[in-house]
**Q** 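Dropping the structure in here first, questions after.
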Amino acid sequence: MTEHYVPKHFDIESFQDALLDWFEQNLRDLPWRRDKDPYKIWVSEIMLQQTQVDTVIPYFEKFIERFPTLESLAEADEEEVLKLWEGLGYYSRARNLHQAVREVKSEYGGKVPDTREEISRLKGVGPYTAGAILSIAYNRPEPAVDGNVMRVLSRLFHVRDDIQRPATRKKFEASIRQLIAVHNPSYFNQALMELGALVCSPKSPGCLLCPVNAFCQAHQDGVQEELPVKGKAKPPREVDMVAGVIMKGGQVLIHKRPDSGLLAGLWEFPNTERQKGEDWEETLSRFLYESFSIKAETAGHVMDVKHTFSHLRWNLRVFQCEIIEEEEASLPPSARWVDLSALDDYAFPVSHGKIVKRLQQDGD
DNA sequence: CATGCGTGGCT
DNA sequence: TAGCCAAGCAT
């Protein structure tokens with residue numbers, strides 16, 4: 001067995017009992033807890049990656065209403081899947097889920113695999129999600145170590161290893177294999193996460209209300225506020241962007257982003273990065289000609305959009321553009337003229353969604 | 001192992 | 001305001 005953090009004489013059974021008793025009294029009524037359909041558990045776990053419960057709930061409801069079964073999602077167009085994911089972020093999650101669901105339908109007869117080996121081969125299913133599905137949907141004694149669990153265990157065992165390091169996560173997984181209640185792995189894993197979300201919170205943890213405070217080394221040492229240890233993220237890089245709103249006969253030009261990288265597969269208004277010292281409007285005009293074969297000049301400022309990603313900070317300056325001349329035949333296949341009323345059919349990232357809203361307001 | 005990948009809420 | 005945080009994964 002790999003190295004773990006569980007002390008020699010830790011009373012595992014008493015800990016399990018205290019944790020499970022608390023969970024059964026305090027578990028939240030969440031939409032994905034209404035049944036144990038592995039498909040729905042899967043969808044919820046993908047949506048919950050790096051995303052808070054309150055944010056996920058309405059997305060999950062709409063998604064399952066439209067795609068109630070694995071088969072219905074498998075048969076859907078990717079565009080519609082992305083549209084339902086619009087605003088949720090980390091969009092490759094949606095595309096990976098869609099691809100993986102299609103694979104389960106074709107390779108596993110529509111049944112979500114129930115072994116770590118098989119389920120981990122699916123796109124978008126990493127160590128955490130594999131463990132979550134296996135334990136919650138199939139009641140298998142597999143660890144599901146997320147940020148909550150690492151925070152709880154860091155405090156429970158007074159661990160000062162950096163939780164950002166993959167090696168640390170593996171030691172936590174080994175710890176869970178020691179701790180997990182084999183008679184109810186589903187509740188055990190959910191209880192640890194629920195405890196992290198409701199009691200053992202990042203700031204001001206509620207130790208006085210905690211059902212396992214008697215087991216907690218950090219509480220005993222009075223250092224719970226210092227844990228877990230986590231390396232600091234570097235600040236986002238600043239990028240200036242220029243975008244053009246180009247109208248022709250009541251239609252506007254939009255562009256589909258490539259299927260990899262930032263905001264993959266989403267739609268946007270034609271835009272490019274402004275190089276240092278370059279003129280905004282000059283940059284836009286040259287870009288529109290080189291990428292869309294459209295000779296245009298700017299005809300007014302529409303709006304500025306400031307948008308911060310995890311690793312980027314966009315300062316997006318949007319201009320109205322007037323076409324002087326265009327070569328229709330050489331418009332790239334990723335670009336499309338659409339009616340303003342049809343913009344709602346396309347999935348935009350939040351930054352460009354703000355432009356959509358502005359255009360629809362102005363139309364009123 | 002480090003980095004890229006979204007967004008909204010909270011302090 | 002600026003920074004931190006949230007049921008991570010792919011490369």
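Note: hydrogens, waters and symmetry copies are ignored here, and every other heavy atom, side chains too, is used. Everything numeric in this text was worked out from a predicted model, so none of it was measured.
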**Q** Without decimals, in angstroms, what is the distance between A:Phe309 CZ and C:dA6 P?
**A** 22 Å
**Q** Round to the nearest Å and state the distance from A:Gln50 atom CD to C:dC9 atom P.
**A** 9 Å
**Q** Regarding A:Trp85, tell me which of base, sugar-phosphate or nothing describes its non-hydrogen contacts under 4.0 Å with the strands shown.
**A** nothing
**Q** Rounding to the closest angstrom, what is the interatomic distance between C:dA6 and B:dC5 at atom P?
**A** 22 Å
**Q** As a test of reading the structure: which of B:dG8, B:dC1, C:dC5 is closest to the side chain of A:Val350, going by heavy atoms?
**A** B:dG8
**Q** Using the salt bridge (charged side-chain N to carboxylate O under 4.0 Å, His left out) rule, pick out the option among A:Lys170, A:Lys171, A:Arg177 that qualifies with A:Glu3.
**A** A:Lys171
**Q** What is the distance from CZ of A:Phe172 to P of C:dG8, rounded to the nearest Å?
**A** 14 Å
**Q** Does either side chain, that of A:Asp221 or that of A:Gln217, offer a donor lying less than 3.5 Å from an acceptor on the other one?
**A** yes
**Q** What does A:Pro235 touch in the nucleic acid at a heavy-atom separation under 4.0 angstrom: a base, only the sugar-phosphate, or nothing?
**A** nothing
**Q** State, yes or no, whether a side-chain contact exists between A:Glu278 and A:Arg274 at a heavy-atom distance under 4.5 Å.
**A** yes
**Q** Just by distance, no angles: are the side chains of A:Glu103 and A:Tyr108 close enough, under 3.5 Å, to form a donor-acceptor pair?
**A** no
**Q** Answer with base, sugar-phosphate or nothing: what part of the nucleic acid does A:Arg121 contact at a heavy-atom distance below 4.0 Å?
**A** nothing
**Q** Given A:Phe348, which partner from the list A:Tyr91, A:Trp85, A:Trp267, A:Phe269 fulfils the ring-ring contact (aromatic ring centres under 6.0 Å, His included) test?
**A** A:Phe269
**Q** Rounded to the nearest Å, what distance is computed from the NZ atom of residue A:Lys354 to the P atom of nucleotide B:dG6?
**A** 16 Å
**Q** Got a sec? Which of residues 190-203 of chain A come in under 4.0 Å of DNA chain C, heavy atoms?
**A** A:Met193, A:Pro202
**Q** Output the rounded distance in Å from NZ (A:Lys306) to C1' (C:dT1).
**A** 13 Å
**Q** When the P atoms of C:dC9 and B:dG8 are compared, how many Å lie between them, rounded to an integer?
**A** 22 Å
**Q** Under a 4.0 Å heavy-atom cut-off, which of residues 258-274 of chain A touch DNA chain C?
**A** none
**Q** What is the distance, rounded to the nearest whole Å, between atom OH of A:Tyr91 and atom P of C:dG8?
**A** 17 Å
**Q** Rounded to whole angstrom units, what separation is found between the CD atom of A:Gln164 and the C1' atom of B:dG4?
**A** 14 Å
**Q** Nearest-nucleotide wise, let me know which of A:Thr308 and A:Lys234 is further upstream toward the 5' end of DNA chain B.
**A** A:Lys234
**Q** Using a heavy-atom cut-off of under 4.0 Å over every strand shown, decide if A:Ala167 touches base, sugar-phosphate, or nothing.
**A** sugar-phosphate
**Q** Check A:Arg95 with A:Glu79, please: is the shortest side-chain N to carboxylate O separation under 4.0 Å?
**A** no
**Q** Side chain of A:Ser310: nearest nucleotide among B:dT7, C:dC9, C:dC4?
**A** B:dT7
**Q** Of the nucleotides C:dG8, C:dA6, B:dG6, which one has an atom closest to the side chain of A:Lys230?
**A** C:dA6
**Q** For the side chain of A:Arg93, starting at C-beta, report the closest nucleotide among C:dT11, B:dG8, B:dG6.
**A** B:dG6
**Q** Is the count of non-hydrogen atoms from other residues, nucleotides or ligands lying under 6.0 Å from A:Lys83 atom NZ greater than 12?
**A** yes
**Q** Tell me what A:Arg257 touches on the nucleic acid: a base, only sugar-phosphate, or nothing, going by heavy atoms under 4.0 Å.
**A** nothing
**Q** Could you check whether A:Val149 gets within reach of a base, just the sugar-phosphate, or nothing at all, counting any heavy atom under 4.0 Å?
**A** nothing
**Q** Under 4.0 Å, heavy atoms only, any strand: does A:Thr129 hit a base, just the sugar-phosphate, or nothing?
**A** sugar-phosphate
**Q** Using a heavy-atom cut-off of 4.0 Å across all strands, would you classify A:Thr51 as base, sugar-phosphate, or nothing?
**A** base
**Q** Using the ring centroid of each side chain, check whether A:Phe172 and A:His4 are separated by less than 6.0 Å.
**A** no
**Q** Among the clusters formed by ILVMFWY side chains lying less than 4.5 Å apart, do A:Val223 and A:Tyr5 turn up in the same one?
**A** no
**Q** Assess, by modelled atom type and distance only, whether the side chains of A:Ser135 and A:Asn189 contain a donor and an acceptor separated by less than 3.5 Å.
**A** yes
**Q** Which nucleotide wins on minimum distance to the side chain of A:His307, given the candidates B:dG6, C:dG8, B:dT7?
**A** B:dT7
**Q** So what does A:Arg95 touch, heavy atoms closer than 4.0 Å: a base, only the sugar-phosphate, or nothing?
**A** nothing
**Q** If hydrophobic clusters are built by linking Ile, Leu, Val, Met, Phe, Trp and Tyr wherever their side-chain heavy atoms come under 4.5 Å apart, do A:Phe287 and A:Val252 end up in the same one?
**A** no
**Q** Which part of the nucleic acid does A:Leu30 contact within heavy-atom distance under 4.0 Å: base, sugar-phosphate only, or nothing?
**A** base
